[in-house]
Amino acid sequence: MAEPKDGKDSSSKLDRYDAYFETIQSRKKLPHSLQETLTDAFARIPASSFPKVPGGKVIEIDADTTVCHAVKVLSECNIMSAPVRNPGAGDSPDWKERYLGIIDYAAIILWVLESAELAAVAISASTATAAGIGAGAVGAIGAVALGVTGPAAIAGLTAAAVGAAVAGGVVADRGVGKDAPTAVDSLGNDFYKVILEEEPFRSTTVKTILNSYRWAPFLPVATDGSMLSVLLLLSKYRLRNVPVIEPGKPEVKNFITQSAVVQGLEECKGRDWFDCIAACPLSDLGLPFMSPDKVICIQSDELILEAFKLMRDDEIGGLPVVEGPKRKIVGNISIRDIRFLLLKRELFTNFRQLTVKDFMMTISSHENGKVMPPITCRSDATLGSVIHHLASKSVHRIYVVDNQDEGVVGVITLRDVISCFIYEPPNLFDVYFDTSIKEVLEK
């Protein structure tokens, strides 16, 4: 369930998590006895029983690893994220010392694009600005498409971005008198080379970025912890993955994702408890949880960078691509798709002018000249059919459309599906999650 951020909302994150879950529980029309039975069952299942990641070993990335090498590791292992290990912690059994966070493939590329934008601002100002990174470049950032992530990012990434631009052959004189978008177009011609081959990007470490860019938190569950804790972290508390650690030992034993849990639910087909809930129409579970006017969409003729900016700003993993005032759905853009800006070199030369529609046409498989259709369902579908689509298509969301115009009226995410099977018993949060975990969740 995508939750647009409201700058006027002063409530804490934990308060918002509570509100989300309370809304779900109030709308579900399931017998309370069934919910209690399921919740109790998940509480008695140890996290160690969950199937291991492919290959049986969790890929970790050292904080001193360069960003370029981290991208290579993630790509070669076909994974979207990995725990970041603190080399200074040695074999410390304390996970808070050993791990710094979780690096995310999509977040790396957002950082890359943001750095290119900062370089463009500096280049477009003057030769002096490009060399000295004056306040003028920082002030111009407000007009840049992707913006920045904070004061630390402004100070650190501007210097790196301009250095890379000059090293890559986009000399400052070429940018004098040009606006930022034009400068970015010039930079785009050598974008791949600048980011992956030239200094200072070539030697920028993961740790350096971690100090100025917000990554996913590292919040583990012990091997003898319950699957209920895992499911709550993946649903109510909005984590996309949960590391599993063995108390007293430093290594991550497993890495449980939202997708893996939904795949596991699909494999429960035929069991009474699953079939009972899976047969329920979406309305009996209060799905979709979000009203039509709250669903964030992107028009197909808007820029692809605007789509990724919306996902970043609103902390959501995907957007329906729509056309016209009735919001007829024509596609889907996921935050994972941002990787194609790195993998498909032909996208770099025009990445600031690229529309959502053109982006989809470039990255998608085609059939009769058309982009693959989005995954949708009607409001009268059953939860079981939704789970089947999510699991079989390996997607993270399904869009609910009306019966007439194929207009988007709702979205159901992996988080929403997991939330349908559990509730949080009183005081469980205080019993299972210590103060340090609560502090991380609040950040």
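In this text, all values refer to a predicted model and were calculated from it rather than measured experimentally.
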Roughly how far, to the nearest 0.5 Å, is the [atom2] atom of [Y] from the [atom1] atom of [X]?
X: Phe359; Y: Ile333; atom1: CZ; atom2: CD1; result: 5.5 Å
X: Ile418; Y: Gln258; atom1: CD1; atom2: CD; result: 5.0 Å
X: Glu424; Y: Ser235; atom1: CD; atom2: OG; result: 9.0 Å
X: Asp104; Y: Arg240; atom1: CG; atom2: CZ; result: 7.5 Å
X: Ile103; Y: Met80; atom1: CD1; atom2: CE; result: 11.5 Å

Can any side-chain N or O of [X] pair as donor or acceptor with the backbone N or O of [Y] at less than 3.5 Å?
X: Asp275; Y: Gly270; result: yes
X: Asn254; Y: Val53; result: yes
X: Asn86; Y: Glu97; result: yes
X: Arg98; Y: Gly90; result: yes
X: Arg238; Y: Glu315; result: yes
X: Gln263; Y: Ala391; result: yes
X: Asp284; Y: Pro281; result: no
X: Glu302; Y: Gln299; result: yes
X: Arg327; Y: Val322; result: no
X: Arg378; Y: Asp402; result: yes

Using side-chain heavy atoms (C-beta onward) and a distance below 4.5 Å, is [X] in contact with [Y]?
X: Leu414; Y: Ser259; result: yes
X: Asn78; Y: Pro54; result: no
X: Leu234; Y: Ile256; result: yes

According to the interplanar angle, ranging from 0 to 90°, do the rings of Phe289 and Tyr20 count as parallel (below 30°), tilted (30 to 60°) or perpendicular (above 60°)? perpendicular

Under 30°, 30 to 60°, or over 60°: which ring-plane class applies to Tyr99 and Phe218, parallel, tilted or perpendicular? parallel

Within a radius of less than 6.0 Å around [atom1] of [X], do more than 12 heavy atoms belonging to other residues, nucleotides or ligands occur?
X: Asp94; atom1: CG; result: yes
X: Asp380; atom1: CG; result: yes
X: Lys326; atom1: NZ; result: no

Decide yes or no on side chain to side chain donor-acceptor pair (under 3.5 Å) for Ser419 and Asp416, but give the supporting numbers first. CA-CA 5 Å; Ser419 299; Asp416 298 333; 5.4 Å; no

Looking at [X] and [Y], what are the two nearest heavy atoms and their distance?
X: Asn332; Y: Leu319; answer: OD1-O, 3.2 Å
X: Pro425; Y: Thr39; answer: CG-CG2, 3.8 Å
X: Ala82; Y: Ile79; answer: CB-CD1, 4.4 Å

Verify the distance criterion only: is there a donor paired with an acceptor across the side chains of Ser291 and Asp293 at less than 3.5 Å? yes

Donor + acceptor pair across side chains of Asp15, Ser12 (<3.5 Å): yes

I need the single residue from Lys28, Glu22, Arg27 that forms a side chain to side chain donor-acceptor pair (under 3.5 Å) with Gln25. Which is it? Lys28

Closer than 4.0 angstrom, basic N to acidic O: yes or no for Asp18 and Lys236? yes

Summary of salt bridge (charged side-chain N to carboxylate O under 4.0 Å, His left out) pairs that have at least one residue in residues 32-46, sequence neighbours excluded: Asp40-Arg44

By ring pair (Phe, Tyr, Trp, His ring centres under 6.0 Å), Phe50 pairs with (sequence neighbours left out) none

